[in-house]
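Remarks on the structure that follows.
Throughout, numbering of the chain's residues begins at 1 and tracks the sequence. Everything numeric in this text was worked out from a predicted model, so none of it was measured.
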Amino acid sequence: MSTAYITHLDCLRHEMGQHHPECPERLQAIEDQLILSRIDYFFTRISPPLATEDQLALIHTQEHIQCIKALSPKEGYSSIDGDTNMNPHTWKAALRSAGGAIAAVDAVMQ
């Protein structure tokens with residue numbers, strides 16, 4: 001048995017603008033620290049699939065899913081609330097994150 005490390009390059013493409021703490025650099029810093037500490041070898045790496053909208057609908061309403069999807073900009077940023085922005089890659093990163101949660105549960109159950 002080992003600890004899973006679940007990540008995908010799509011998540012590095014989600015960024016909410018300069019100086020926001022939710023940034024690709026924080027994910028890269030985690031990866032760098034695992035390598036620098038020489039403990040990355042002990043992790044089982046899992047590349048998460050994209051969650052489906054049917055899977056999202058197990059937790060969220062269809063209205064919510066469609067609202068967030070519709071806010072996904074083709075370029076630049078769109079605002080979900082006062083602290084949360086989306087860029088053109090955010091929707092896919094969110095699907096990877098949800099897929100990662102599902103993959104984590106599946107791995108534990110196996």
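P49 and A103 make their closest contact through CD-CB, 4.3 Å (heavy atoms, listed as atom of the first residue, atom of the second, distance). Residue Y5 comes nearest to T7 through the heavy atom pair CE2-CG2, 3.5 Å, listed as atom of the first residue, atom of the second, then distance. Across all non-hydrogen atoms, the minimal contact from L56 to A98 is CD2-CB, 3.8 Å. Looking at every heavy atom in both residues, L50 comes nearest to Q55 through O-OE1, 4.3 Å. The two residues M86 and W91 have their closest heavy-atom pair at CE-N, 4.0 Å. For the pair P88 and G76, the tightest heavy-atom approach, listed with the atom from each and the gap, is CD-O, 3.3 Å.
Checking side-chain atoms of N87 against main-chain N and O of R13 turns up a donor-acceptor pair under 3.5 Å. Looking only at distances, no side-chain donor or acceptor of T44 sits under 3.5 Å from a matching main-chain atom of S2.
A heavy-atom distance below 4.5 Å is found between the side chains of T84 and M16.
If you run side chain to side chain contact (heavy atoms under 4.5 Å, CB included) between I6 and each of P48, S47, S97, only P48 comes through.
Remark: I80 CD1 is packed, more than 12 non-hydrogen atoms of other residues, nucleotides or ligands lying under 6.0 Å away. By the 6.0 Å contact criterion, CZ on R38 is open, its count of non-hydrogen atoms from other residues, nucleotides or ligands being 12 or less.
Inspection of the E53 and Q66 side chains reveals an N or O donor paired with an N or O acceptor under 3.5 Å.
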